[in-house]
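Owing to the predicted nature of the structure, the values given are computational and were not obtained by experimental measurement.
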Amino acid sequence: MSHEAHDIQEPETPHLDFEGTTPYEDYVKADVLTHLQHTLSDDPGEMVFLVTTQVMELWFTVIVHEWETAARALRSDDVPVAVDALKRSVRELEALNASWKPLGQLTPAQFNSYRAALGEGSGFQSAMYRRMEFLLGDKSASMLVPHRGAPRVHAELEKALHEPSLYDEVLRLMARRGHAVPQPVLSRDVSRRYEPSAEVEAAWTAVYSGDATDEVARLGEALTDVAELVWRWRNDHLVATRRAMGAKAGTGGSAGVAWLEKRAQKNVFPELWTARSHV
């Protein structure tokens, strides 16, 4: 054996002895996360459904964080920070959409084996998903009603309802940059659902007909990436539901597939799509 071989150092053993819980546990709270699963049926498939749904809620939370970060940055005219947050959210939306994979192959019999355990529970009732929708401009005061029994959640949703959406902040920034966004759009009641505007479409047409490296043009493309993945989320939800339960009524009392089909037809940031026909 060579002299050099004797000098090779074995890798050091990681630090294993801690006074209390590990620093990893203190930061991640893995013990809390992995003990939040309480199934209500004996079907082994329910665990997959429950964990996947909980993972979706975590992705909703981080995406809301990114879009709120972007909205604050836009209020401060800091487009690069806003675009960075939107680009991160694109990767997070891709991970969120991949969450349908474990559920997308459910047969009606497999879903029915634990569906009764859901009772009237439905993803439609997710408060964090509702905050996502509000940030996208899809607002309705009636969506607060299911959360009246949870004061903190209700207060957070009410605050989000009355704050400008992400798209509202984009249009306000465009106006400050000299783009022809009409005053009725800028002064609209932000607690109501955003409705498309021909004037806003014309403003986006002008942006896309100009310098492609302009900050507003790059912002528009980042928003389009977000909008595309939101559309894919809605369609994947529709397909997974159609596969698992056909045209039956949803667990939360909605029309199920019919309601999801209507949602899937709506574009997020609508003028970003229609303006492309005029460039």
Could you check V216 against M174 for side chain to side chain contact (heavy atoms under 4.5 Å, CB included), going step by step and ending with a plain yes or no? CA-CA 7 Å; V216 175; M174 289 176 67; 3.9 Å; yes
Do [X] and [Y] have side-chain atoms, one donor and one acceptor, less than 3.5 Å apart?
X    : Y    : result
S191 : D189 : yes
R193 : S165 : no
W67  : S89  : yes
E271 : S197 : no
D211 : T213 : yes

Practice prompt. Look at the rings of Y194 and Y167 and say which category their plane angle falls in: under 30° parallel, 30 to 60° tilted, over 60° perpendicular.
Written response: perpendicular
Quick one: do [X] and [Y] make a salt bridge, cutoff under 4.0 Å?
X    : Y    : value
E215 : R177 : yes
E94  : K101 : no
R72  : D78  : no
E156 : K159 : no
E228 : R232 : yes

Spacing of [X] atom [atom1] and [Y] atom [atom2] [to the nearest 0.5 Å]:
X    : Y    : atom1 : atom2 : value
H162 : K139 : NE2   : NZ    : 8.5 Å
L96  : L229 : CG    : CG    : 9.5 Å
R75  : L173 : CZ    : CG    : 12.0 Å

Least distance between heavy atoms, [X] atom then [Y] atom:
X    : Y    : result
H38  : L50  : N-CD2, 3.5 Å
H179 : V207 : CE1-CG2, 3.4 Å
R131 : E68  : NH2-OE2, 2.9 Å
L106 : F111 : CD1-CD1, 4.3 Å
A203 : A180 : CB-O, 4.1 Å
Y208 : G220 : OH-C, 3.2 Å

Heavy-atom distance under 4.5 Å between the side chains of [X] and [Y], does that happen here?
X    : Y    : value
S209 : T205 : yes
M56  : W100 : yes
L136 : F269 : yes
L118 : F49  : yes
V268 : R234 : yes

task = Check whether more than 12 heavy atoms from other residues, nucleotides or ligands sit under 6.0 Å from atom CZ of R242, and answer yes or no.
result = yes
*asked:* Tell me if the CG atom of D31 is crowded by more than 12 foreign heavy atoms within 6.0 Å.
replied: yes
Show the numbers, then the answer: is there a side chain to side chain contact (heavy atoms under 4.5 Å, CB included) between E158 and L144?
CA-CA 7 Å; E158 188 168 36; L144 272 64; 3.6 Å; yes
Task: Centroid-centroid under 6.0 Å between F60 and W233 rings - done: yes
